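Every value quoted in this text rests on a predicted model; they were computed, and no experiment measured them. Counting convention: from 1, in listed order, for ligands and their atoms alike.
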Amino acid sequence: MNQPLAHTILIQNGNLVLPAGVVQHDLLIQGDTIADIREHIPFEHTASGTRVIDARDKYVLPGGIDVHTHLNLDIGIARAQDDFYTGTVAAAMGGTTTIVDHPGFGPKGCSIFHQIAQYHEYARDHAVIDYAFHGVLQHLDETIIEDLPKLVGQGITSVKAYMTYDHRFTDEMLARLLKTTAAEGILVTVHAEDHDMISANRQACVRKGQTAPRYHAQSRPPESEANAVSRVIQLAKDSGDAPLYIVHLSTQQGLDVIRTAQAKGQPVFAETCPQYLFLDASSYDLPDLEGLKFIMSPPLRSRSDQSALWHGLSDGSIQVVATDHCPFDFALKKRLAAHDFTRCPGGAPGIEARIPLMFSKAMTRQLTLEQCVKVTAENPARIMGLYPQKGVLAQGSDADLVIMDPDRTQTITHDLLHENVDYTPYEGFTLAGIPILTMVRGHIITENGQLKATKGFGTFIKRKRCGGKIG
Ligand SMILES: [Zn+2]
């Protein structure tokens with residue numbers, strides 16, 4: 001599967017974003033891994049056939065790690081349009097080198113291995129970057145409890161439970177699950193929304209004819225997130241401090257609850273997404289049903305929630321920015337939901353824009369470059385059991401990296417992107433720098449917008465136990 005590329009690559013003069021700070025150093029890659037990082041690595045000392053990349057005035061970051069994607073997701077009425085080929089090509093073009101995908105639900109009553117086997121099949125021979133999976137839970141019985149530790153043996157050290165939707169976990173089920181995962185060191189990731197509150201609101205909206213996109217947001221108020229976050233945090237605490245990871249956090253109220261638990265030393269991690277950091281609920285009122293583009297759960301929030309999330313990233317109470325990439329064509333959303341938001345497939349694309357958007361915020365000093373790397377690569381790698389193989393530029397780590405050119409400003413338009421969907425929520429956003437080269441295990445995947453990797457180059461990564469300490 002290896003490509004016919006130079007075995008040794010020397011990246012010279014780049015501004016490397018290391019955990020200790022940004023330094024102008026050389027970086028030597030031999031085979032799949034980083035062999036050396038030093039102020040000056042003489043070319044003469046490298047093997048013949050070494051390719052030299054001059055990264056002067058560029059930034060070299062650890063490859064992005066997106067721990068919340070939905071490739072090939074089948075939701076019954078539609079299938080998310082990126083598969084493991086198109087989705088990982090888009091990811092690589094955007095500077096992401098590893099994903100941890102959340103498989104969709106399988107047939108009713110299926111074992112926890114069913115969807116994993118299915119997703120191995122989807123990804124194998126398709127992905128161009130490395131990938132891993134979370135387990136997905138859709139019911140709970142003695143068999144599931146017994147099988148959870150076996151999942152760890154397969155390199156899957158986190159599972160997802162939903163507090164809403166058809167396969168939702170009740171508090172009782174969560175309590176039982178968390179007791180097991182606390183004992184086994186498995187990380188439970190939770191979609192935290194209060195199902196009863198939301199379904200009552202949705203029914204009321206439909207009854208009153210409130211079916212425009214904006215009512216999607218109104219039917220899922222901030223309390224619906226905060227209540228669920230609060231309940232599951234209490235359940236995790238009662239279980240003996242099972243490590244807990246809240247996916248796609250969107251509100252200040254939810255964040256406040258998480259901060260309180262973290263301050264007491266409870267192992268609770270939080271993830272937010274670019275859509276909650278860069279967009280807000282005013283998008284639901286755009287003309288011509290454009291609001292449907294932004295139907296996702298949880299919904300977009302207020303500007304004040306948005307700034308609370310940025311504070312959460314700065315002070316470390318939110319550790320991860322992942323995408324929840326789940327693309328459906330605007331055309332499809334309009335066809336299904338022009339007259340009723342409750343019929344709209346929920347989700348939006350973002351896998352390609354995440355790193356450039358966050359990098360741009362670092363260039364405009366909204367956060368430091370080190371923080372940008374922490375939340376997009378290092379922390380997700382640590383929490384999800386990929387570190388230090390992934391998530392850091394260090395000797396011995398996989399040579400997964402992205403070179404960013406801060407002098408190339410660009411306006412995001414849909415036709416510049418590689419996601420297999422007919423719109424981007426970030427249309428018109430200005431980027432202060434773009435990825436010009438993405439590398440996975442020493443192999444160039446994309447260079448200057450060209451795909452260099454062969455389909456299927458990406459490999460499954462077995463993860464270690466999660467919940468590592470966050471530096
Ligand atoms: Zn999701």
Task: Member of Thr86, Asp83, Asp101 meeting the side chain to side chain contact (heavy atoms under 4.5 Å, CB included) criterion with Leu71 - done: Asp101

TODO: Taking both backbone and side-chain atoms into account, decide whether His248 has an N/O/S atom under 2.8 Å from the Zn ion (ligand 1).
DONE: no

Task: Metal site the Zn ion (ligand 1): N/O/S of Cys326 inside 2.8 Å - done: no

- [ ] Please note down the angle at the Zn ion (ligand 1) between NE2 of His70 and NE2 of His68, to the nearest 10°.
- [x] 100°

TODO: Decide whether Gln81 and Asn420 meet the rule of one side-chain donor and one side-chain acceptor closer than 3.5 Å.
DONE: no

Open item on the list: Side chains of Glu193 and Ser224 only: does a donor on one sit below 3.5 Å from an acceptor on the other?
Closed with: no

Open item on the list: With carbon and hydrogen excluded and only N/O/S kept, which atom of Asp324 is nearest the Zn ion (ligand 1)?
Closed with: OD1

TODO: Evaluate the ring planes of Phe460 and Tyr131, with Trp represented by its six-membered ring, and classify them as parallel (under 30°), tilted (30 to 60°) or perpendicular (over 60°).
DONE: tilted

